[in-house]
Visitor: 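Below you'll find the structure I mean.
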Number of protein chains: 2
Amino acid sequence: MVITLAGHESRPRAGRPKRADARRNYDQLIEQAKLAFAEFGVDASLDEIARRAGVASGTLYRHFPTRLDLIEAVLGEQIAELVDLGRGLLTADDAFDALFAWLRAAITHSLTYRGLAAAVMNSALNRENGLVSTWHAEMFEVGAALLTRARRSGVVVADADEADVLKMIGAIAWAAQDASDGPAQADRLLTLLMNGLRHGGVQR
Amino acid sequence: MVITLAGHESRPRAGRPKRADARRNYDQLIEQAKLAFAEFGVDASLDEIARRAGVASGTLYRHFPTRLDLIEAVLGEQIAELVDLGRGLLTADDAFDALFAWLRAAITHSLTYRGLAAAVMNSALNRENGLVSTWHAEMFEVGAALLTRARRSGVVVADADEADVLKMIGAIAWAAQDASDGPAQADRLLTLLMNGLRHGGVQR
DNA sequence: ACCTGAACACCGTTCAAGT
DNA sequence: ACCTGAACACCGTTCAAGT
């Protein structure tokens, strides 16, 4: 008798395929998704993306079973860079500034495409596919490490919770995403948050 | 020659109608919308709401040309109460606590229905129908007044911007809306924000 | 005045049939 | 293996026809 864990063995989870035509389609889909995301946000029509890539809708679903899989593929490198940046900042002199800088970069990243913050938040809630995507997991890990270090250094209040702070980052990104001033507003809101975190009070 | 301002003269903007059957439909629509919003959030299917109210979809659109009009109608009393609360708090002893209390109530209000914070944010951005809805305008006015008072009393940092703070409130509500702990998380995030606003630093 | 319900234009998702 | 494209089930919105 064979025991299978439901929902764990059936996912394609392919990555870039080997066959020539399939690989061409895969690349075209990512390329067109990138353009469509830039134009309409991450809620862009999947059908339209497939059409522009010169491919039927079923093909899109074959490669990217979920809209989130497509988003992840499009943002892959960018996320890797962000994680690297965070790891580097773990040895920076000022633990407060390091945390600040990384959160700032994370927010900037979230502003790449309209709706991205909401999509990420949604993926964090959706526990169905086992754990959260590795994507989100790595981001969380780095952010949590930076906050922990800042807390241990005594530059940040002791009871700041990782999940809360990172959730707040998502919230700020969401709030600023289609404001006319955009990044500037995100900066102001982040400053508000950091003042709340700073041990020893607001500095003016 | 007659000059008309596009988009300003043609809106029904009815309110509760006079004819008996129309009024019955109107009330039923609000009643069923309330139930549907509670069950599915403010993105509930309008067709389904009409169906449950025993009415064709066109009737719903006649009374509530926009989803936002329906939301406003459903939440009317609740918003009035919130505005009244805020006005009362304007004469409270402690300007900081008054601001805190009102923001807390505003967040709690936003948690009534899933998706409400996003809908409100969206309406604030959508300048097409002249100004923002009176609903939003009154809320903003009261919130801004409370913040201004706190700033003048010197209990809140001088450069806190009304629009930023209120946007942050929306963001917090959004972040907490489908968390498992819900209101508790919203409280923690709000505390973070208030610490950032407090003049003289964090108190522990 | 108000309501009905069909019609339209869009979604995402699945799946049998083809190569 | 991979792709196609029709089919399905859902949307919101409009509008001619009825009362």
Side-chain angles (χ1 to χ4, degrees), chain A residues 7 10-33 36-37 39-71 73 114-115 118-119 122-123 126 128-129, chain B residues 7 10-33 36-37 39-71 73 114-115 118-119 122-123 126 128-129:
Chain A
S10 63
R11 295 197 75 192
R13 263 291 162 223
R16 201 153 169 273
K18 293 149 238 136
R19 229 175 70 174
D21 59 339
R23 195 163 53 218
R24 211 164 36 231
N25 288 337
Y26 181 91
D27 292 340
Q28 261 302 302
L29 281 167
I30 289 191
E31 178 63 20
Q32 293 304 320
F37 288 169
E39 192 170 358
F40 306 105
V42 293
D43 291 324
S45 160
L46 295 180
D47 222 53
E48 178 73 8
I49 290 173
R51 207 188 52 74
R52 290 200 199 177
V55 143
S57 52
T59 301
L60 189 153
Y61 280 92
R62 159 166 283 270
H63 290 303
F64 311 102
T66 274
R67 160 169 259 122
L68 210 67
D69 293 318
L70 182 54
I71 298 176
R114 199 156 16 96
N122 225 306
S123 94
N126 187 13
E128 288 173 12
N129 27 352
Chain B
S10 63
R11 294 197 75 192
R13 264 288 164 225
R16 199 153 170 272
K18 293 147 237 139
R19 230 176 68 175
D21 58 340
R23 194 161 54 220
R24 210 164 35 230
N25 288 338
Y26 182 91
D27 292 340
Q28 261 302 302
L29 279 168
I30 288 190
E31 178 65 19
Q32 293 304 321
F37 287 170
E39 192 171 358
F40 305 105
V42 293
D43 291 325
S45 161
L46 295 178
D47 222 54
E48 179 72 9
I49 291 173
R51 208 188 51 74
R52 290 200 200 176
V55 143
S57 52
T59 301
L60 189 153
Y61 281 92
R62 157 164 285 269
H63 291 304
F64 311 103
T66 275
R67 162 169 258 123
L68 209 68
D69 293 318
L70 182 56
I71 297 176
R114 198 156 17 95
N122 224 307
S123 95
N126 186 11
E128 288 174 11
N129 28 351

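Remember, predicted model here, so these are calculated numbers, not experimental data. Numbered from 1 within each chain, the chains take letters A, B, ... in sequence-line order.
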Visitor: A:E48 CD to C:dA9 C1': how many Å, rounded?
Guide: 14 Å
Visitor: Counting side-chain heavy atoms from CB outward, which of C:dT4, D:dT4, D:dT13 is closest to B:V55?
Guide: C:dT4
Visitor: Would you indicate, yes or no, if D:dA1 has its OP1 or OP2 atom less than 4.0 angstrom from a side-chain nitrogen or oxygen of A:R62?
Guide: no
Visitor: With the side chain of B:S57 defined as its heavy atoms from C-beta on, choose the nearest nucleotide among C:dT13, D:dC2, C:dA6.
Guide: C:dA6
Visitor: I'd like to check B:V42 versus B:R114 (side-chain heavy atoms, cut-off strictly below 4.5 Å). Are they in contact?
Guide: no
Visitor: Under 4.0 Å, counting only non-hydrogen atoms across every strand here, what does A:T59 touch: a base, just sugar-phosphate, or nothing?
Guide: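 If one applies the 4.0 Å heavy-atom cut-off, A:T59 turns out to touch a base.
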Visitor: Both distances below 3.5 Å, Watson-Crick or wobble geometry, any strand: find the nucleotide opposite C:dA16.
Guide: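 Paired with D:dT4.
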Visitor: From CZ of B:R51 over to C1' of C:dC3, roughly how many Å is that when rounded to an integer?
Guide: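 In whole Å, C:dC3 C1' and B:R51 CZ are 18 Å from each other.
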Visitor: What's the closest nucleotide to the side chain of B:A56 if the choices are C:dG5, D:dG12, D:dC3?
Guide: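 My answer, after comparing the listed nucleotides, is C:dG5.
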Visitor: Nearest-Å distance, CG (B:D47) to C1' (D:dG12)?
Guide: 8 Å
Visitor: Should the pair A:E39-A:R52 be classified as a salt bridge under the 4.0 Å nitrogen-to-oxygen rule?
Guide: yes
Visitor: Give a yes/no on whether any side-chain N or O of B:N25 is located under 4.0 angstrom from OP1 or OP2 of C:dC3.
Guide: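 So the side-chain polar atoms of B:N25 do come within 4.0 Å of the phosphate oxygens OP1 or OP2 of C:dC3, strictly under.
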Visitor: Side-chain N or O of B:H63 less than 4.0 angstrom from OP1 or OP2 on C:dC3?
Guide: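 Checking C:dC3 against B:H63, a side-chain N or O does come within under 4.0 Å of OP1 or OP2.
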Visitor: Whole-Å distance between D:dT13 P and B:I49 CD1?
Guide: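 In whole Å, D:dT13 P and B:I49 CD1 are 12 Å from each other.
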Visitor: Between C1' on C:dC11 and CZ on A:R67, what's the gap in Å once rounded to a whole number?
Guide: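 A:R67 atom CZ is separated from C:dC11 atom C1' by 10 Å.
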Visitor: Whole angstroms only, please: what is the CG-C1' distance between B:D21 and D:dG18?
Guide: 14 Å
Visitor: Does C:dA9 have a Watson-Crick or wobble mate here (both distances under 3.5 Å), and if so which one?
Guide: none
Visitor: In the structure I gave you, are the side-chain heavy atoms of B:L60 and B:D47 within less than 4.5 Å of one another anywhere?
Guide: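 They are not in contact (no side-chain heavy atoms under 4.5 Å apart), so the answer is no.
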Visitor: Nearest nucleotide by nearest heavy atom, which residue falls closer to the 5' end of DNA chain D, B:S45 or B:R19?
Guide: B:S45
Visitor: Can you measure B:Q28 atom CD to C:dC3 atom P for me and round it to whole angstrom units?
Guide: 13 Å
Visitor: For A:L46 and C:dG12, what is the distance between atoms CG and P respectively, to the nearest whole Å?
Guide: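 The distance from CG of A:L46 to P of C:dG12 comes to 5 Å, rounded to the nearest Å.
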Visitor: Would a 4.5 Å heavy-atom cut-off, applied to side chains only, mark B:R67 and B:L46 as touching?
Guide: yes
Visitor: Need one value for A:A44: base, sugar-phosphate or nothing, where a base atom within 4.0 Å counts as base even if backbone is also close, heavy atoms only.
Guide: sugar-phosphate
Visitor: Tell me which of B:D43 and A:K18 sits closer to the 5' end of DNA chain D, going by the nucleotide each one is nearest to.
Guide: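 Looking at the nearest nucleotide for each, A:K18 comes out on the 5' side.
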Visitor: Just wondering, do B:I30 and B:F64 contact through their side chains at under 4.5 Å, heavy atoms?
Guide: yes
